[in-house]
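As structure tokens, the structure follows; a few thoughts come after it.
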Amino acid sequence: MRDIYTRAQHIVTKIDEDTDVFGGAVIPPTFENTIYRYPDFDTVVETNKGAISRYSYGKNRNPTTDALESKLAALEKGEASRCFASGTAAIYTTLLSILNQDSHVITINNVYGRVSDFLRNVFAKFGVESTFVPGDQLEDFSNAIQANTKLIYLESPTSWHFELQDIRTIMELAKKHNLKVVMDNTWATPIFQNPLEYGVDAVIHSASKYLGGHSDLVAGVVVASREFIANLPQIGAVLSPYESNKLLKGLRTLPLRMERHENNANIIADYLDKEHKISVVHYPGLHSFRQYELAVQQMKGCSGLMSFELESDKEGVKRFINSLRHISIGGSWGGFESVIYAAAMSGEDKELESRGFGITQVRLSVGLEDSTTLLEDIHGALQSV
Ligand SMILES: *Cc1c(COP(=O)(O)O)cnc(C)c1O
């Protein structure tokens with residue numbers, strides 16, 4: 001096993017010491033409690049002052065979620081973390097925490113859709129300005145800095161085109177101008193990339209993807225310094241303790257799953273790269289990928305999400321997708337099962353092109369199946385193109 005897997009596997013399988021309280025239960029119980037009772041008057045006063053740490057109300061803290069948060073912080077090499085009811089809630093709360101009236105944000109053109117939606121339609125109402133840049137050149141960021149710039153919001157790689165941003169040089173720039181940097185690390189997971197090591201202020205994950213990994217929960221997390229996490233506003237989008245327990249279960253196999261996702265994805269990407277019916281494969285793990293050098297430099301591996309363009313037209317894409325027998329059509333990714341989605345399913349040609357998509361571009365989330373099953377399925381469906 002490579003070192004990255006060994007360290008992570010230790011974190012996710014370590015049984016918390018305080019389980020003796022629960023008869024030695026090897027997994028934390030799911031605490032459903034809304035309220036926790038106090039023994040006397042003074043304990044309440046001391047708790048309110050912060051002099052004693054006690055559970056008080058389910059919206060504030062929950063023991064099951066606490067167990068999850070300490071594992072997520074350790075995996076991402078941060079001091080602390082906070083879980084949310086979705087990745088989107090984690091993003092929204094982080095923006096709310098950093099931005100003031102009239103702040104300016106620099107982010108990338110192909111950032112997760114809800115980020116641009118929040119910036120353009122919600123925060124803009126409060127005078128927050130934003131600049132969207134391609135993000136593959138340092139100049140994109142340095143040229144966009146204004147006197148009121150507060151935040152650089154990154155997502156590397158992005159989830160359709162897999163554009164990377166050079167974290168190290170962007171951090172040097174940000175330090176010089178005293179800017180906060182937040183990064184969405186959903187694609188790489190804490191197994192393959194740890195942005196906090198570069199000095200990034202906060203890392204965000206949609207745990208609905210690889211962290212959960214079983215297509216059975218929606219969750220999000222922010223990992224950062226203790227101070228940053230303590231200062232996040234409480235918007236009430238807390239993760240349910242049931243979901244916390246499911247996420248803990250998913251995490252126990254995260255290193256194992258990521259190793260398999262990466263192996264499978266490499267096999268599939270190599271096959272697609274050589275296949276004449278495919279014009280281009282977008283996958284940071286491929287030598288032919290335009291930012292391969294940077295990918296090797298700042299990531300320790302690659303997950304299982306890629307996209308490729310068929311040497312065909314929209315009808316060809318339709319025939320290809322409808323001919324797949326094992327791989328399902330699905331809009332999300334990061335689960336145990338392989339799913340595919342076509343760009344053409346969510347926009348007209350002109351609109352897709354203006355957003356930088358290929359008309360025949362499809363996105364494949366490579367799951368945990370036997371790679372031969374997947375290769376045979378893709379090969380078979382390509383015959384119909
Ligand atoms: C899915 C996703 C999110 C949002 O996560 P939800 O849990 O669906 O709210 C954020 N960032 C990226 C890169 C995603 O793929």
Side-chain angles (χ1 to χ4, degrees), residues 65 68-69 72 76 81-96 105 107-120 122 132 135 151-165 167 181-193 195 200 202-223 232 235-240 242-244 246-247 250-251 254 258 261 265 282-284 299 302-307 330-335 337 339-341 343 346 355-357 363-367:
T65 306
L68 170 65
E69 288 173 345
L72 286 167
E76 198 49 285
S81 85
R82 179 148 356 134
C83 287
F84 292 87
S86 67
T88 304
I91 293 168
Y92 183 71
T93 306
T94 305
L95 292 175
L96 204 55
V105 183
T107 189
I108 52 168
N109 290 332
N110 290 319
V111 72
Y112 179 67
R114 294 289 164 89
V115 178
S116 56
D117 178 41
F118 283 146
L119 291 174
R120 290 184 213 272
V122 181
F132 293 79
L151 168 69
I152 297 180
Y153 186 100
L154 305 175
E155 181 183 325
S156 179
T158 54
S159 66
W160 261 95
H161 309 287
F162 308 98
E163 297 125 326
L164 275 71
Q165 299 104 55
I167 314 173
V181 179
V182 170
M183 187 165 145
D184 185 326
N185 196 29
T186 303
W187 185 86
T189 79
I191 305 294
F192 296 135
Q193 180 166 258
V200 165
V203 171
I204 294 177
H205 288 277
S206 165
S208 323
K209 315 292 163 54
Y210 289 114
L211 297 185
H214 293 71
S215 300
D216 62 354
L217 70 91
V218 173
V221 63
V222 181
V223 189
L232 285 172
I235 67 160
V238 293
L239 190 61
S240 137
Y242 298 107
E243 305 307 84
S244 293
K246 268 199 273 178
L247 185 45
L251 284 187
L254 178 71
M258 294 322 293
H261 280 299
H282 305 278
Y283 184 61
M299 296 195 290
C302 288
S303 68
L305 187 72
M306 64 184 71
S307 74
S332 190
W333 47 277
E337 78 291 22
V339 288
I340 200 156
Y341 197 83
S346 51
R355 287 162 53 207
F357 286 94
R363 185 170 77 171
L364 174 66
S365 176
V366 178

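All heavy atoms count here, side chains included; hydrogens, waters and symmetry mates do not. Indexing begins at 1, ligand by ligand and atom by atom, following the structure's order.
Here F357 pairs with W160, H161 under the ring-ring contact (aromatic ring centres under 6.0 Å, His included) rule; sequence neighbours left out. Taking F118 as the reference, Y92 meet the ring-ring contact (aromatic ring centres under 6.0 Å, His included) condition, with sequence neighbours excluded. Under the ring-ring contact (aromatic ring centres under 6.0 Å, His included) criterion, H261 pairs with Y210, not counting sequence neighbours.
Considering CG of L254 and CD1 of I191, their distance stands at 4.0 Å, rounded to 0.5 Å. Interatomic distance, L211 CG to E76 CD, rounded to the nearest 0.5 Å: 8.5 Å.
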Write out each pair where an N or O from ligand 1 and one from the protein are under 3.5 Å apart, with the distance.
from	atom 1	to	atom 2	distance (Å)
ligand 1	5 (O)	S206	OG	2.9
ligand 1	7 (O)	G87	N	2.9
ligand 1	7 (O)	S206	OG	2.9
ligand 1	7 (O)	S208	OG	2.6
ligand 1	9 (O)	G87	N	3.2
ligand 1	9 (O)	T88	N	2.8
ligand 1	9 (O)	T88	OG1	2.6
ligand 1	11 (N)	D184	OD2	2.6
ligand 1	15 (O)	K209	NZ	2.6

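The residue from L232, V221, V218 that alone fulfils the side chain to side chain contact (heavy atoms under 4.5 Å, CB included) condition with F84 is L232.
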